[in-house]
Amino acid sequence: MPHSLPELPYAYNALEPHYDEQTLHLHHDLHHKSYVDGLNKAEAGLAAAREKEDFSLIKHWSREAAFHGSGHILHSLFWENMAPASASGQPGTELSKQINRDFSSFASFKSQFTAAAAAVEGSGWTLLCWNPSFAKLEILQAEKHQNLTQWGVIPLLVIDVWEHAYYLKYQNKRAAFIAAWWNIVNWETVNQRFLKAIA
Ligand code: MN
């Protein structure tokens, strides 16, 4: 079954004024769609290579699958990680306890996440993850999303800081975008993902 672009769980203008309608259209309908198309193309390329037993382009298709597959997964999480400000909610009890355990306080977690997102070089992501190997929450930066560096971690909350994610409204003011984004975090989905990760 080929991969398909997921529907947004809210209207295109539902995240205004923090995330504008036009950017959401471009980001979801064009950028995310191109990852889905690229992933399907890479998987078809790999299937054809197996069929023909011709692996001369294996590096190309493996890279394409990693780049577009990671883009598809991360963007799908990113949409789910947001909600209209009125429905934004708060970290649940279990997640709050874990945040306090691993980052001292919610304020310290938010400071570190914000600083990590502001400092990602080039085009990348910042992620709050559950690391089952260490049984702890971690904040990671992915400077190239095809190169996630801690295998096995489970992303809980992600922010896209590629310029296409915010440039139309926020131009070069990434910090302003990050500050506004905190208003539209969907803590319900983060809570659910956390409980599933530690189960
Ligand atoms: Mn993006």
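Values reported hereafter were calculated over all heavy atoms of this structure, with side chains retained and with hydrogens, waters and symmetry mates removed. All ligand and atom numbering here is 1-based and tracks the order in the structure. Remember, predicted model here, so these are calculated numbers, not experimental data.
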Sphere of radius 2.8 Å around the Mn ion (ligand 1) - protein N, O or S atoms inside: His27 NE2, His75 NE2, Asp160 OD2, His164 NE2

Residue of the set His72, His25, His27, His68 for which ring pair (Phe, Tyr, Trp, His ring centres under 6.0 Å) holds with His32: His72

Which residues share a salt bridge (Lys or Arg N to Asp or Glu O under 4.0 Å) with Lys196, sequence neighbours left out: none

Val120 backbone acceptor or donor facing Arg174 side chain under 3.5 Å: yes

Tyr19 and Tyr166 aromatic centres sub-6.0 Å: no

Asn40 side-chain N/O to His3 backbone N/O, donor-acceptor pair under 3.5 Å: yes

Heavy atoms from other residues, nucleotides or ligands near NZ of Lys41 exceed 12 (cutoff 6.0 Å): no

